[in-house]
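What follows is a set of notes on a single structure, which appears directly below.
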Amino acid sequence: MSQVVELKRSPELPGDFAMWCFILAELLVFAMILCSLAWARSQWPDMFAAGSAGLDRLAGLTNTLVLLSGSYAAARGIAGGTGRSVSVGFALAAGSGLLYAVVKCAEYVHMYGAGLTLRTDTFHFFYFFGTAFHLMHVLLGMVMLLVVALRARREARLDDQRRRSADAVAAYWHMVDLVWLILFPQLYLFS
């Protein structure tokens, strides 16, 4: 009598290897920025406390909730498993990115109007540089979300390639949110 041995497959990362390499590289860059920010905070605590106190915490909280909502929409789109669910979820996530960008740009306009720039002091350098660098990643994520949403919208079920593309873009979008979840308290809350 022969026995059939079933081998368990190890779980695979969603998306593709190239996107995960890109995500890890971006996380390393953000880690360097955040470590530099933490070091600067330790050197000039009063400057950072004053700078943080001058930020619009409601705008920062709004952006946090907006990005988390976008991540939820992207995850629900993936979980739906259809082209339509991915298309709708990713369009909503891209919309959250747009709202984030509008709120962030309104903050910039307000701060520039008050005479605050990258050159004001070390805190404002980190604020403007860190949030602008993050904003560029939000904009890139929006483009990727919309491209995948448009390609998936007519699919009843996603084929393997479209599924990997959707997973990769969702992973990137979650990375963007993760960075904001670390950047937000570092700039807005730790005074």
Side-chain angles (χ1 to χ4, degrees), residues 14-16 18-38 51-52 55-79 85-112 116-118 123-153 164-190:
D16 65 351
M19 180 58 85
W20 282 103
C21 290
F22 179 65
I23 288 170
L24 290 175
E26 292 300 305
L27 286 173
L28 284 173
V29 171
F30 276 110
M32 288 187 287
I33 293 169
L34 291 165
C35 287
S36 299
L37 171 68
S52 181
L55 295 180
D56 184 348
R57 290 182 176 164
L58 181 58
L61 177 61
T62 299
N63 273 341
T64 301
L65 297 175
V66 162
L67 286 179
L68 287 174
S69 298
S71 269
Y72 178 76
R76 293 300 305 154
I78 293 284
S85 68
V86 168
S87 186
V88 169
F90 279 26
L92 289 171
S96 76
L98 179 61
L99 184 54
Y100 172 90
V102 167
V103 172
K104 183 54 59 194
C105 288
E107 278 186 277
Y108 290 156
V109 167
H110 174 75
M111 293 177 77
Y112 281 125
L116 301 169
T117 68
L118 277 166
F123 172 83
H124 288 92
F125 168 80
F126 277 106
Y127 171 80
F128 284 110
F129 179 76
T131 59
F133 191 60
H134 180 261
L135 178 59
M136 288 188 297
H137 286 77
V138 169
L139 297 175
L140 174 61
M142 289 170 55
V143 170
M144 291 190 297
L145 286 164
L146 290 173
V147 166
V148 171
L150 288 172
R151 288 182 179 168
R153 73 175 185 227
R164 278 193 308 275
S165 293
D167 284 342
V169 170
Y172 177 83
W173 192 249
H174 295 318
M175 180 274 299
V176 169
D177 286 354
L178 173 65
V179 168
W180 180 254
L181 289 174
I182 298 168
L183 196 58
F184 167 64
Q186 289 289 322
L187 293 171
Y188 288 81
L189 302 179
F190 295 162

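Side chains included, hydrogens not; waters and symmetry mates left out as well; all remaining heavy atoms used. Because the structure is predicted, anything quoted here is derived from the model rather than measured.
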Point-to-point distance, once rounded to the nearest 0.5 Å, from CD of Glu107 to OG1 of Thr62: 9.0 Å
Worked check of ring-ring contact (aromatic ring centres under 6.0 Å, His included) between Phe128 and Phe123: CA-CA 9 Å; Phe128 284 110; Phe123 172 83; 9.1 Å; no
Atom pair CZ/OG of Arg151 and Ser165 - distance to nearest 0.5 Å: 7.0 Å
His124 side chain reached by Met111 side chain, heavy atoms, under 4.5 Å: yes
Shortest non-hydrogen contact from Gly70 toward Ala93: O-CB, 3.3 Å
Interatomic spacing from CG in Leu178 to CG in Leu27 - rounded to 0.5 Å: 6.5 Å
Any residue meeting ring-ring contact (aromatic ring centres under 6.0 Å, His included) with Tyr172, in chain and number order, not counting sequence neighbours: Phe22
Any Arg153 side-chain heavy atom under 4.5 Å of Val86 side chain: no
Approximate separation, where rounding is to 0.5 Å, of Thr64 OG1 and Asp177 CG: 9.5 Å
Nearest heavy atoms of Ala91 and Ala149, plus distance in Å: N-CB, 4.3 Å
Side-chain heavy atoms of Met19 within contact of Met175, under 4.5 Å: no
Side-chain (Arg57) to main-chain (Tyr188) donor-acceptor, under 3.5 angstrom: yes
Sub-4.5 Å side-chain heavy-atom contact between Tyr72 and Leu92: no
Main-chain N/O of Leu187 paired with Ser52 side-chain donor or acceptor, under 3.5 Å: yes
Whether Trp20 side chain and Pro14 backbone form a donor-acceptor pair below 3.5 Å: yes
Close side-chain approach of Val103 to Val66, heavy-atom, < 4.5 Å: no
Reported CD1-to-CG distance for the pair Ile23 and Leu28, which is rounded to 0.5 angstrom: 12.5 Å
Pair Trp173-Met142, side-chain contact (heavy atoms from CB on, under 4.5 Å): steps then yes or no: CA-CA 8 Å; Trp173 192 249; Met142 289 170 55; 4.2 Å; yes
Stepwise side-chain contact (heavy atoms from CB on, under 4.5 Å) check, Phe129 with Ile33: CA-CA 9 Å; Phe129 179 76; Ile33 293 169; 3.7 Å; yes
Asn63 side, atom CG; Trp180 side, atom CH2 - distance, nearest 0.5 Å: 5.5 Å
Name each donor-acceptor pair under 3.5 Å that joins a side chain in residues 131-141 to protein atoms two or more places apart or in another chain, with its distance.
{"unit_1": "Thr131", "atom_1": "OG1", "unit_2": "Tyr108", "atom_2": "OH", "d": "2.7"}
{"unit_1": "Thr131", "atom_1": "OG1", "unit_2": "Tyr127", "atom_2": "O", "d": "2.6"}
{"unit_1": "His134", "atom_1": "ND1", "unit_2": "Tyr100", "atom_2": "OH", "d": "3.0"}
{"unit_1": "His134", "atom_1": "NE2", "unit_2": "Val176", "atom_2": "O", "d": "2.9"}
{"unit_1": "His137", "atom_1": "ND1", "unit_2": "Phe133", "atom_2": "O", "d": "2.7"}
{"unit_1": "His137", "atom_1": "NE2", "unit_2": "Glu26", "atom_2": "OE1", "d": "2.2"}

Among Val147, Ile78, Leu150, Leu146, the one residue meeting side-chain contact (heavy atoms from CB on, under 4.5 Å) with Phe90: Ile78
Under 3.5 Å: donor-acceptor pair, side chain of Ser71, backbone of Leu68: no
